[in-house]
Amino acid sequence: MMAYWLFKSEPSTFSLEHLAKSPKKTTCWDGVRNYQARNLLRDEMRKGDGVLFYHSSCAVPAVVGTAEIVKNGYPDHTAQDPESGHFDPKSTPEEPIWYMVDIRFRQRFAEPVSLAEMREMKALEGMLLLRRGQRLSVQPVTACEWKVILKKGGLPA
DNA sequence: GCCAACGTTGGC
DNA sequence: GCCAACGTTGGC
């Protein structure tokens, strides 16, 4: 059963363009330091799942395209790197706390689907992203939400 | 186990 | 830059 997810990223740090230009159009999604998000990365996400790529903290917050999970959850080694900025001394190679997945660029939307637009779409009532105070950096998306957003973005579902 | 203080996220 | 909503930390 294929699942769908939404990944937030600040485009000034790592945009969909960055992903598209990465080697093999693939990157490891490191640096997530929230337990709820960790559980999704480690236990729920599976190779082949769809990812909505969302730009946050920018002029027009929006879903700008899609990616896919290409590697299941595995330990985030940046937790062991004091230089990384995501260092966590409580996490060890023997007992890792933090996990990441690999994602690969799939497609860029013809038109980004902005947060404001999503708020006005009836089909997206109840979408996690639109809930006030919702800050999870990786979060589940329903098949219906996925389909509606891809259509709005000008991609075939 | 409670809860105040603090840091972060992220839209506006 | 502001600020609401969270998550985390640490004293008790």
Side-chain angles (χ1 to χ4, degrees), chain A residues 3-22 27-45 49-69 73-103 105-142 144-146 148-155:
Chain A
Y4 302 97
W5 309 95
L6 179 143
F7 281 30
K8 295 181 187 171
S9 189
E10 299 188 16
S12 59
T13 303
F14 192 85
S15 67
L16 186 64
E17 289 310 302
H18 287 115
L19 179 60
K21 288 174 182 162
S22 297
T27 192
C28 59
W29 205 255
D30 63 0
V32 175
R33 297 292 180 268
N34 168 284
Y35 285 101
Q36 207 178 336
R38 186 281 308 271
N39 292 346
L40 297 176
L41 290 164
R42 186 189 59 185
D43 306 330
E44 305 293 334
M45 296 182 191
D49 287 354
V51 173
L52 296 173
F53 201 99
Y54 177 80
H55 283 172
S56 67
S57 292
C58 56
V60 183
V63 176
V64 293
T66 60
E68 71 179 278
I69 309 283
Y74 62 107
D76 179 349
H77 55 80
T78 66
Q80 266 95 247
D81 177 6
E83 306 294 306
S84 81
H86 302 296
F87 180 56
D88 182 352
K90 294 193 299 294
S91 187
T92 65
E94 295 73 31
E95 292 190 57
I97 298 174
W98 305 115
Y99 282 71
M100 59 190 179
V101 297
D102 288 357
I103 64 168
F105 174 82
R106 207 182 260 176
Q107 287 178 291
R108 185 183 354 268
F109 284 173
E111 283 297 327
V113 180
S114 73
L115 181 62
E117 288 175 309
M118 288 191 280
R119 287 198 191 283
E120 293 184 353
M121 293 165 67
K122 190 75 176 170
L124 299 184
E125 276 181 5
M127 187 177 175
L128 212 53
L129 180 73
L130 308 183
R131 290 240 266 273
R132 96 195 225 96
Q134 168 48 53
R135 301 187 315 179
L136 262 189
S137 64
V138 301
Q139 52 185 259
V141 169
T142 68
C144 174
E145 291 160 353
W146 168 268
V148 164
I149 291 170
L150 257 63
K151 187 177 176 194
K152 184 80 174 173
L155 294 185

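Order of the sequence lines fixes the chain letters, A, B, ..., with proteins taken first and strands second; residue numbering starts at 1 for each chain. What you see is a predicted model, and the numbers here were worked out from it, not measured in a lab.
Remark: P of dG10(B) and NE2 of H55(A) are 13 Å apart, rounded to the nearest angstrom. At whole-Å resolution of the value, CZ in R33(A) and C1' in dT9(C) are 18 Å apart. W98(A) has its CH2 atom 10 Å from the C1' atom of dT8(C), to the nearest Å. What separates CG of N34(A) from P of dT9(B) is a distance of 10 Å, to the nearest Å. Atom CZ in R38(A) sits roughly 15 Å away from atom C1' in dT8(C) (whole-Å rounding). Atom CG in D88(A) sits about 16 Å away from atom C1' in dT8(B), given to the nearest Å. Here the P atom of nucleotide dG10(B) and the CG atom of L136(A) are 9 Å apart, to the nearest Å. Distance Y35(A) OH to dG7(C) C1': 11 Å, rounded to the nearest Å.
Aromatic ring orientation, H55(A) versus F53(A): perpendicular (interplanar angle above 60°, classes split at 30° and 60°).
No donor-acceptor contact under 3.5 angstrom links the side chains of S91(A) and R33(A), judged on distance only.
Surrounding CD of E17(A) are more than 12 heavy atoms belonging to other residues, nucleotides or ligands, all under 6.0 Å away.
Taking every side-chain heavy atom of L115(A) into account, dG11(B) is the closest of dT8(C), dG11(B), dT9(C). Of the candidates dG7(C), dC12(B), dG10(B), the closest approach to any side-chain atom of S57(A) belongs to dG10(B). For R135(A), taking side-chain heavy atoms from C-beta onward, the closest of the listed nucleotides dG11(B), dT8(C), dT9(B) is dT9(B).
Between K8(A) and dT9(B) there is no side-chain N or O to OP1 or OP2 distance below 4.0 Å.
Less than 6.0 angstrom separates the ring centroid of W98(A) from the ring centroid of Y35(A).
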